[in-house]
2 protein chains.
Amino acid sequence: MDTVPDIVALNEHEPRFEILEAAAACFEARGFASTSIDDVARRLGSTKGRIYHHFSSKTDLFTAVYRHGMEMLHVHLQPLAEREMEPLAKLKLLATEHVRMMLATRAFQRVVWEGVELHLRGATTPEQREAFDALIATRERYSAYFRQAEEAAKAAGLLDYENLSIANQVMFMTLNSPIFWYKPRPGETDADREALVRQIVTYALRGLGARKELIE
Amino acid sequence: MDTVPDIVALNEHEPRFEILEAAAACFEARGFASTSIDDVARRLGSTKGRIYHHFSSKTDLFTAVYRHGMEMLHVHLQPLAEREMEPLAKLKLLATEHVRMMLATRAFQRVVWEGVELHLRGATTPEQREAFDALIATRERYSAYFRQAEEAAKAAGLLDYENLSIANQVMFMTLNSPIFWYKPRPGETDADREALVRQIVTYALRGLGARKELIE
DNA sequence: TTGACAACATACTCAGTAGTATGTTCATAT
DNA sequence: ATATGAACATACTACTGAGTATGTTGTCAA
């Protein structure tokens, strides 16, 4: 049983979806700057015309991939974030599902990462800026799911970190890290993936000061 | 002749050094693919001619920046790694100095990061491949400083992680993370930076299963 | 049957960029 | 004094790649 089945299939029926998947794969493999529209078209077995019919520019395509990546995260975690739970248990749940999503939608999440990087570097034109700011805002809202749980857990004496902003940054680096080095091996089982997820989440929660007994 | 090439720190007064610094700043700001040789030249107040007189290609320039970044790390940490110390204390020392270097030589370390990324993506031509492999090997040797300390500390019951490879990956992501989000603020003091370093190192060591009392 | 439009493909333009070929200047050795 | 080469600048070439303008094909509504 896949952990995130229907999320990935969110827009499967849209004609744009196939292009998004190809673009995500290309951007993941070579990065935004080194990926040409022709690369994406070649992967689709099509030509530029198809892509420019659905997207106005390379940046537009990129932001669409970013948006879809963030949407998958939101759709998956929002209901969990709204549950009434003990804060540390909720943080563990959110972190676990986040890492699962990183593995399940790796290409898209890599694009999200690069989008944040591009934003931090300010490598955007003025018009792009506005669209980009909206995307980053979406990401901020997502981050808030975790931040609230972190603050609540700290207030309850279940976590122990100094600066929330730093703690949040470092925690996300940990949880996002598999998008860089994880490659699914042939013959890999769900149990293998789950073991990976568990180790990453354990590392993150301990890093935030959770005691061992409380996160197992 | 040793199989391990000697690490020779680059002299500040070499004519190539100024170019390396400008290149590192440009690569940090825009990434390898989006940085043109003219960009680097413009930052230097020079023209291409100067750069191509000292470096045979854009890739050659990039690898030189990478190499210098790794050399600075090696020169700084190698003597520490060779000390006889309690493993956990040594790991803490190495981690602390590593993070300090991330802040102090951020632009170069960002290039090292991108170099590893490019290597993981296999985005290199056959000739580049050889030079790249040598660079990655240097990075592997550096990583071994930490790995040995981690293994020794675990054997002594001072750490508690499942898989060494995963633990190492996630730990480095944590320690490297400030190259992405750290920006020196005006009026920032050494104490501010040290507080940042301490929080990151604490997070990393706790993540690996170190008990709170043992790392303070 | 035909018009209209969506969904592409084809064939271009043009700006940017890696790399090269060829000056030019200046210090230093002889 | 002059030859020489290092350290650049200038002025190119060749090519890639984003974006556009213009076909072509199938579908569907009236």
Side-chain angles (χ1 to χ4, degrees), chain A residues 11-66 111 114-115 118 121 123-129 131-132, chain B residues 10-27 29-66 111 114-115 118 121 123-129 131-132:
Chain A
N11 287 345
E12 235 177 31
H13 54 287
E14 284 187 27
R16 288 161 53 116
F17 183 71
E18 200 184 349
I19 299 176
L20 283 187
E21 276 193 319
C26 289
F27 289 145
E28 182 197 15
R30 301 175 190 280
F32 177 68
S34 298
T35 297
S36 73
I37 298 289
D38 285 316
D39 285 337
V40 181
R42 206 170 306 131
R43 177 177 282 261
L44 285 165
S46 312
T47 66
K48 276 182 180 180
R50 182 174 175 192
I51 296 170
Y52 277 104
H53 180 70
H54 293 282
F55 301 93
S56 65
S57 68
K58 187 179 171 184
T59 301
D60 185 37
L61 176 59
F62 181 82
T63 54
V65 174
Y66 181 113
V111 171
E114 194 173 357
L118 289 175
R121 306 210 247 221
T124 45
T125 68
E127 322 93 50
Q128 292 173 7
R129 197 79 193 203
F132 246 84
Chain B
L10 199 53
N11 181 346
E12 249 181 43
H13 299 102
E14 280 186 35
R16 289 161 51 114
F17 183 72
E18 200 183 349
I19 299 175
L20 283 187
E21 277 192 319
C26 289
F27 288 145
R30 301 175 188 279
F32 176 69
S34 299
T35 297
S36 73
I37 298 290
D38 286 315
D39 286 337
V40 180
R42 207 170 306 132
R43 178 177 281 260
L44 285 165
S46 311
T47 65
K48 275 181 180 179
R50 183 173 174 193
I51 296 170
Y52 277 105
H53 180 71
H54 293 281
F55 301 93
S56 64
S57 67
K58 187 179 170 183
T59 301
D60 185 36
L61 176 60
F62 181 82
T63 55
V65 174
Y66 181 113
V111 171
E114 193 173 358
L118 289 174
R121 307 211 246 220
T124 45
T125 69
E127 322 93 49
Q128 293 173 6
R129 197 80 194 203
F132 246 83

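Proteins come first, then strands; the chains are lettered A, B, ... in the order of their sequence lines, and each starts at number 1.
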Spacing between B:Asp38 atom CG and D:dT10 atom C1', to the nearest angstrom: 12 Å
Criterion side chain to side chain contact (heavy atoms under 4.5 Å, CB included) on B:Val111 and B:Glu114, from CA distance to verdict: CA-CA 5 Å; B:Val111 171; B:Glu114 193 173 358; 5.6 Å; no
Atom pair distance, as rounded to whole Å: CZ in B:Phe55 and P in C:dA18: 15 Å
For atom CZ of A:Arg50 and atom C1' of C:dC8, their distance in whole Å: 8 Å
Check: C:dA18 base within 3.5 Å donor-acceptor of B:Lys48 side chain: yes
Between D:dA9 (C1') and B:Arg42 (CZ): distance, integer Å: 15 Å
Nearest to side-chain heavy atoms of A:Tyr52, which nucleotide of C:dG19, D:dA18, D:dC8: D:dA18
Student check: side-chain heavy atoms of A:Arg16 and A:Ile19 closer than 4.5 Å: no
Sugar-phosphate, base or nothing in reach of A:Thr35, heavy atoms under 4.0 Å: sugar-phosphate
Atom pair distance, as rounded to whole Å: CD1 in A:Ile37 and C1' in D:dT16: 14 Å
Protein-nucleotide distance (B:Asp39, atom CG; C:dA18, atom P), rounded to Å: 8 Å
Sugar-phosphate only, base, or nothing, as touched by B:Ser57 at under 4.0 Å among non-hydrogen atoms: sugar-phosphate
Proximal nucleotide (of D:dA18, C:dT17, C:dC8) relative to the B:Ser36 side chain: C:dT17
Nucleotide of C:dT10, D:dC8, C:dC8 approaching A:Thr47 most closely (side-chain heavy atoms): C:dT10
Short side-chain donor-acceptor distance under 3.5 Å, A:Asp60 and A:Ser57: no
Rounded distance in Å - CZ (A:Phe32) to P (D:dG17): 13 Å
Any A:Leu118 side-chain heavy atom under 4.5 Å of A:Phe62 side chain: yes
Residue-phosphate contact under 4.0 Å: B:His54 side-chain N/O, D:dA6 OP1/OP2: no
Interatomic distance where NZ belongs to A:Lys58 and P belongs to D:dG17 [whole Å]: 9 Å
Closest to side chain of B:His53, choosing from C:dT20, D:dA6, D:dG19: D:dA6
Stepwise side chain to side chain contact (heavy atoms under 4.5 Å, CB included) test for A:Leu61 and A:Leu20: CA-CA 7 Å; A:Leu61 176 59; A:Leu20 283 187; 4.2 Å; yes
Nucleotide of C:dA7, D:dA9, C:dG19 approaching B:Ser46 most closely (side-chain heavy atoms): D:dA9
